[in-house]
Enquirer: 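Could you have a look at this structure, given as structure tokens, before my questions?
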Amino acid sequence: MHAFDVLGDPVRRRILELLADGEQTSGAITEVIRAEFGLSQPAVSQHLRVLRESGFASVRAEGARRIYAVDAAPLSEVDVWLDRFRGFWNQRLDALGTELARGRRASRNRGADKADPPERKQT
């Protein structure tokens with residue numbers, strides 16, 4: 001399965017977001033997904049299986065519990081694909097940074113004008 005096919009599903013994206021915060025048990029993942037998406041435990045298990053089989057997640061047994069973790073290797077495929085588009089948003093972010101700096105400078109200048117008392121003429 002292609003990386004974008006895996007990531008195209010909002011449930012699987014949410015599971016990866018949960019795993020990005022650290023390892024999670026299958027029960028903890030199921031609780032969140034059930035609350036947010038209304039899915040049953042078997043449905044969540046299917047999504048976890050897709051993530052495992054596509055390499056996005058790894059699992060290890062700890063007693064009767066299954067602990068899942070994100071595996072970042074397949075995300076590099078996504079990163080490589082996105083790389084050709086970064087120029088579009090980098091230019092916009094640079095322009096935004098310039099505008100924010102101008103606004104801060106103008107704000108400081110207005111504040112400095114108000115803070116300085118007018119000079120008195122000496123006679």
Side-chain angles (χ1 to χ4, degrees):
M1 186 177 278
H2 189 273
F4 287 107
D5 294 327
V6 173
L7 297 174
D9 186 276
V11 173
R12 291 193 288 267
R13 284 195 310 270
R14 180 63 178 127
I15 292 171
L16 286 174
E17 289 171 359
L18 294 170
L19 295 176
D21 292 335
E23 292 183 332
Q24 300 279 331
T25 65
S26 57
I29 293 168
T30 299
E31 261 183 53
V32 172
I33 298 303
R34 185 178 298 172
E36 293 181 8
F37 293 92
L39 295 180
S40 66
Q41 184 276 325
V44 176
S45 291
Q46 285 295 99
H47 285 290
L48 287 169
R49 183 180 61 77
V50 169
L51 290 170
R52 274 193 328 268
E53 290 178 357
S54 62
F56 279 89
S58 61
V59 65
R60 66 181 167 78
E62 192 175 274
R65 297 173 1 157
R66 299 290 175 257
I67 311 294
Y68 283 83
V70 72
D71 187 345
L75 293 172
S76 65
E77 178 184 341
V78 175
D79 189 49
V80 167
W81 187 85
L82 285 172
D83 196 44
R84 72 178 98 175
F85 300 100
R86 282 196 176 90
F88 293 115
W89 66 72
N90 284 342
Q91 291 171 357
R92 291 185 176 134
L93 289 173
D94 290 345
L96 175 61
T98 300
E99 289 303 313
L100 290 172
R102 274 189 196 141
R104 282 192 298 269
R105 231 181 355 261
S107 179
R108 278 194 306 266
N109 289 340
R110 282 190 303 269
D113 292 344
K114 291 178 183 176
D116 291 338
E119 293 183 25
R120 293 185 187 180
K121 291 186 180 179
Q122 294 182 357
T123 54

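These numbers come from the heavy atoms of this one structure, side chains and all, not from hydrogens, waters or symmetry mates.
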Enquirer: I need the I29 CD1 to H47 NE2 distance, nearest 0.5 Å.
Expert: 12.5 Å
Enquirer: Count I, L, V, M, F, W, Y as connected when their side-chain heavy atoms are under 4.5 Å apart, and connections chain through other members. Are V70 and L82 then in the same cluster?
Expert: yes
Enquirer: With the 4.5 Å side-chain cut-off for hydrophobic clustering, are I67 and V32 part of the same group?
Expert: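 No: no chain of side-chain contacts under 4.5 Å links I67 to V32.
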Enquirer: Once rounded to the nearest 0.5 Å, what's the spacing between atom CZ of R102 and atom CG of N109?
Expert: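 Nearest 0.5 Å value for the CZ-CG distance: 13.5 Å.
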Enquirer: Which atom names give the shortest non-hydrogen contact between R66 and V59, and what distance separates them?
Expert: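 Distance-wise, the nearest heavy atoms are CB-CG2, 3.8 Å.
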Enquirer: What's the spacing between R14 CZ and L16 CG if we round to 0.5 Å?
Expert: 11.0 Å
Enquirer: Can you check whether G103's main-chain N or O pairs, donor with acceptor, with S107's side chain at less than 3.5 Å?
Expert: no
Enquirer: Can you tell me how far the CG atom of L48 sits from the CG atom of L19, to the nearest 0.5 Å?
Expert: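 Rounded to the nearest 0.5 Å, the CG-CG separation comes out at 7.5 Å.
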Enquirer: Using every non-hydrogen atom in the two residues, find where A3 and P74 come nearest and quote the distance to one decimal.
Expert: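 That closest heavy-atom pairing would be CB-O, 4.4 Å.
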Enquirer: How are the rings of H2 and F4 set to each other: parallel, tilted or perpendicular (split at 30° and 60°)?
Expert: parallel
Enquirer: Once rounded to the nearest 0.5 Å, what's the spacing between atom CD1 of I33 and atom OG of S45?
Expert: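 Between atom CD1 of I33 and atom OG of S45 there are 11.5 Å.
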Enquirer: Of all heavy-atom pairs between P10 and F37, which one has the smallest distance, and what is that distance?
Expert: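 Looking at all heavy atoms of both residues, the shortest contact is O-CZ, 3.9 Å.
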Enquirer: CD of E77 to CG of L7: how many Å apart, nearest 0.5 Å?
Expert: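 Nearest 0.5 Å value for the CD-CG distance: 9.0 Å.
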Enquirer: Taking all non-hydrogen atoms of both residues, which atom of V6 and which atom of R12 are closest, and how far apart?
Expert: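 It is O-NE, 3.0 Å.
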Enquirer: Linking I/L/V/M/F/W/Y whenever any side-chain heavy atoms sit under 4.5 Å apart, do V80 and L75 land together?
Expert: no
Enquirer: For the residue pair A69 and E23, what are the closest heavy atoms and their distance?
Expert: CB-CG, 3.9 Å
